[in-house]
Amino acid sequence: MPNIKSAKKRVLVNETKNAQNKSARSALKTAMKKFDAAVAEGNRSEADSVYKAAVKSVDKAAAKGLIHANKAAHKKSQMTVKLNAMEG
């Protein structure tokens, strides 16, 4: 543990931010998995609604700096390709 007060605070702030980032990354992965499950199931109407939520979560993650903007664009593009490949 650090001795200087500002260093002690920095450790606490880093722990808090780490927990918040971990939670946000987990939520992003969950949204992506829900979309993949809906596509695999073949339910077009459910896939459409889950797609919108997944794109929103990807955009939020990119805005927060959890993922790079190019990675976000790539993920959204791949989801769109999967959604358009569905019949119905």
Side-chain angles (χ1 to χ4, degrees):
M1 213 39 207
N3 295 325
I4 298 168
K5 186 176 180 181
S6 61
K8 289 179 184 178
K9 180 179 179 183
R10 187 61 17 220
V11 168
L12 295 175
V13 169
N14 285 341
E15 286 174 357
T16 304
K17 289 293 186 184
N18 187 21
Q20 289 173 348
N21 287 336
K22 187 177 279 191
S23 174
R25 277 193 299 270
S26 176
L28 174 64
K29 287 179 185 177
T30 302
M32 299 293 292
K33 285 179 185 177
K34 282 183 181 177
F35 173 74
D36 288 337
V39 170
E41 192 177 285
N43 188 347
R44 178 66 187 219
S45 60
E46 184 183 342
D48 282 333
S49 62
V50 177
Y51 169 78
K52 289 179 184 173
V55 167
K56 187 173 182 178
S57 64
V58 168
D59 284 337
K60 278 186 175 182
K64 290 179 182 176
L66 291 175
I67 59 175
H68 194 275
N70 289 353
K71 182 174 182 177
H74 182 247
K75 286 197 175 293
K76 290 192 294 186
S77 174
Q78 291 304 305
M79 284 192 296
T80 304
V81 167
K82 284 182 186 178
L83 187 67
N84 290 339
M86 290 179 69
E87 59 241 3

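Source: prediction; values computed, not measured.
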Q) H68: what forms a side chain to side chain contact (heavy atoms under 4.5 Å, CB included) with it, not counting sequence neighbours? A) N70, K71
Q: Of all the heavy-atom pairs spanning G42 and M86, show the shortest one and how long it is.
A: C-CE, 3.6 Å
Only pairs under 3.5 Å count here: list side-chain donor-acceptor contacts from residues 13-23, not counting sequence neighbours, and write none if there are none.
{"unit_1": "N14", "atom_1": "ND2", "unit_2": "R10", "atom_2": "O", "d": "3.3"}
{"unit_1": "T16", "atom_1": "OG1", "unit_2": "L12", "atom_2": "O", "d": "3.0"}
{"unit_1": "N21", "atom_1": "ND2", "unit_2": "K17", "atom_2": "O", "d": "3.3"}

Q: Start with the C-alpha gap between D48 and K52, add the side-chain angles, then the distance that decides, and say whether salt bridge (Lys or Arg N to Asp or Glu O under 4.0 Å) holds.
A: CA-CA 7 Å; D48 282 333; K52 289 179 184 173; over 6 Å; no
**Q.** Exercise: identify the closest heavy-atom pair between V50 and A31
**A.** CG1-O, 4.3 Å
Q: Check K8 against N3 and note the closest heavy-atom contact, atom names and distance.
A: CE-O, 3.5 Å
Q) If you group Ile, Leu, Val, Met, Phe, Trp and Tyr by side-chain heavy-atom gaps below 4.5 Å, do M32 and L83 land in one group? A) yes
Q) For the hydrophobic clusters of this structure (ILVMFWY residues joined by side-chain heavy atoms under 4.5 Å, transitively), does one cluster hold both M79 and L66? A) no
**Q.** D36 side chain near K82 side chain, heavy-atom distance below 4.5 Å
**A.** yes
Q: Considering non-hydrogen atoms only, spot the tightest contact between E46 and N43 and give its length.
A: OE1-ND2, 3.2 Å
Q | Contact check, side chains of Y51 and V39, non-hydrogen atoms, under 4.5 Å | A | no
Q.
Rounded at 0.5 Å granularity, tell me how far NZ in K33 sits from CG in L28.
A. 11.0 Å
